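Before any comments, here is the structure.
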Amino acid sequence: MAVMVIRVALPIPLRVHFDYLCDEQVSPGCRVLVPFGKRELIGIVWQLNPSDSYDAAQLKAVTQVLDQTPVLAAPIRQLLSFAADYYHHPLGDVLTSALPALLRDGKNADPVKGLSYSLTQAGKHLTEQQFKAAKKRLALWQQLQQPQTETQLLEHFQRKELQYFVEQGWALVTPVLYGPYQTADEQQKSLPLNPAQALAVTAVQQALGSFSCFLLEGVTGSGKTEVYLQAISPVVKKGGQVLVLVPEIGLTPQTLARFEQRFGVPVGVWHSNMTDLERFTVWQRSQTGDLAIVIGTRSALFLPFLKLDLLIIDEEHDNSFKQQDGFRYHARDLAIKRASIQGCPILLGSATPSLESLANVQQGRFAHLELPDRAAGQLMPTVELVDLKQQQMMHGMAGLTRQRIEQHLKLGQQVLLFLNRRGFAPALICHECGWMTECHRCSAFTTFHKQSRQLVCHHCGATKGVPHQCGGCGSTQLAPVGQGTEQLEEQLQQLFPTHTVTRLDRDSIRRKGSLQKALDQILQGEPQLILGTQMLAKGHHFPNVGLVVIIDVDSALYSNDFRAPEQLAQLLTQVSGRAGRGSQPGKVLLQTHYPGHALLQDVIQNGYASFARSALKERQQTFLPPFMFLALFRVEAHQLELCKEWLQKVADHYKDWPQVQLLGPLACPMERKAGKYRWQIQLFTKDRKQLHQSLDSVLTEVSRWSLSRKVKWQLDVDPQDLN
DNA sequence: AGCACGCCGACT
DNA sequence: GTCGGCGTGCTC
């Protein structure tokens, strides 16, 4: 075999490939072991005989070819290349998201499911008499008349018996490989569909076989899942595979069970709490077609499939689809790219679609499927605003709020309260001089936690004891300001002493499994007052909840993040969906000082769909995404001057790119975090191509600056939040 | 990223 | 006199 040059992607944070000599048969997507400086690295063959190869005299040779067949097939490589280009992230880092740790470390990639034992010719020629009194061996021999898997045999025999047969040359061990799953003859009966659902299912089913995008907009309880299931049905009948992406909290055992029971085909899950071996197995089972359906979070997007025929993204508006560190990709956006590469349809579902997806509908890129009615015919919840201005407040609640809670409790219903602030109080304040407890490493106050007698910074995690004296004037008059869930729990307990109060936040569910326990209790109708943070807002359904109270919506109304209104509207709508799924229509109560706020009025009176359309118009007029493209450079350093200097160099570079508008350098909303200063520069443009070209050119420069080694910098393309 | 080389301060 | 701090260069 002639020597050839191969281009290899290596697991290093450099935006370049490295070329090597190789005299073995190898194809793109295979792993190779290569010398790299003083080290040896495992890389992926990216290209054979690149036209612009490195000086041939300086090339080193591949140490070892690790795969005969590619671990990354062409469609995945295409996706990864696209992602690395689009997010301007080093390919080596991108690869890390796509390969299970075991494969990155060089584990054999053969899809071995297990071992099979069968008799050799010598084994077949044995006779019963030869075993004499060895009853166990005789039994083994008899069972081996048909090939058996090792797992089957170990149920009845000891490993050393099996080894004995092999040593005698009587039995042969062969690997059993994973392979395409068996389609089920029968599926569980599907639920009857209403006309809108039927229309949606038909549309997706007819689109199978080529790329297309659907946005399924269905209010909470309108039966989106049944649409997913029936869209999946013909795919798994024909042996195709389906990838279902769900938000981080959306992956419950119930979801898995529902898919498994319905189709009777293998379903796998993929999430961040799996061991390396579990991941490796799911990865192999998807690659070989052994799994029909994989339900997973963000990074499941990169799983290999033998025959991917349909992608589904549930709760497509959810922020957890955007990775918030390192390789900052958006799983929804890359999933669309993947569907186009694979030539299959993709279905995005949400009760509160992102403005990005709605814009795609308006521009004709996505087909719009709507489910306007709650499937079981329940009524939508009614929303009431509680004007807090000049109200006699008690425990952070207006009189009307307390009355409503009481009414619903009397009816034997559960009441759900949202307060997006953990702890007892957001800070302690000095009664004499106004000094407040601050974190000295972050630009933030430290939250007072009463139970643990601690001040905790929710941004860097630092904890310290509660001071007895003011840090400013030495006074001992320190009092909590503001209200957190811990305090609200205490106050609710006092106000409603005969009712149980359950608090669900990160502090109360520390112990493993205690969340599930609390949720089960709630479903059984046990606790009557449930309060919690964000984590309660998503994904869970509480049929016995008659009233939902949002303690404080104001902080989101006047935020400097342009996405805050969208996120608030989504939260309000999602939360409203938690109430009244039983026979009674639910009720939602919003406490606000701004009852006349246009956003609140729009969402409440006209619903999310209407709000979203006016919000989109506003984004268009104010020159914001999705009508223009946004990227941002963020930089952190212990010295403020280094941050500014680095960003200034970026800004200077942009003088050559008049089509890209700059905002900044400016401090991040949280300027100091964990002892480091954080600054950013925002880049806006209507011309996506200009943005990407400019980023390519500035990044080449950035890598040359020695200053870049003294700061920690990152680039965020399509940032989800501007922190 | 990792690893080496190189040049300055405080110590067995 | 060395050990080791991190600034800088390099990896096909």
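Note that this is a predicted model, so its numbers are computed, not measured. Per chain, numbering begins at 1; letters A, B, ... match sequence-line order.
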So the contacted stretch of DNA chain C, first to last nucleotide with an atom under 4.0 Å from a non-hydrogen atom of chain A, runs from C:dT8 to C:dC12

Separation of B:dA1 atom C1' from A:Leu10 atom CG, nearest Å, is 11 Å

Might you list the N or O atoms of the protein lying below 3.5 Å from N or O atoms in nucleotides 2-9 of chain B, with each pair's distance?
unit_1, atom_1, unit_2, atom_2, d
B:dG2, O4', A:Arg39, NH1, 3.4

So salt bridge (Lys or Arg N to Asp or Glu O under 4.0 Å) across residues 651-668 of chain A, not counting sequence neighbours, yields A:Asp652-A:Lys655

Residue pairs passing the salt bridge (Lys or Arg N to Asp or Glu O under 4.0 Å) test with at least one member in residues 244-253 of chain A, sequence neighbours excluded, are A:Glu248-A:Arg298

Residue pairs passing the side-chain hydrogen bond (donor to acceptor under 3.5 Å, both in side chains) test with at least one member in residues 30-43 of chain A, sequence neighbours excluded, are A:Arg31-A:Asp67, A:Glu40-A:Thr63

Item to complete: Using a heavy-atom cut-off of under 4.0 Å over every strand shown, decide if A:Leu14 touches base, sugar-phosphate, or nothing.
Response: base

A:Trp646 and A:Val702 have their tightest heavy-atom pair at CZ2-CG1, 3.8 Å

Next on the checklist: Looking at A:Arg7 and A:Asp52, is any side-chain nitrogen of the basic one under 4.0 Å from a carboxylate oxygen of the acidic one?
Outcome noted: yes

Separation between OG1 (A:Thr447) and NE2 (A:His458), nearest 0.5 Å, reads 3.5 Å

When rounded to the nearest 0.5 Å, the distance separating CG of A:Leu348 from OG of A:Ser357 is 5.0 Å

Residue pairs meeting ring-ring contact (aromatic ring centres under 6.0 Å, His included), one or both in residues 302-324 of chain A, sequence neighbours left out, come to A:Phe302-A:Tyr329

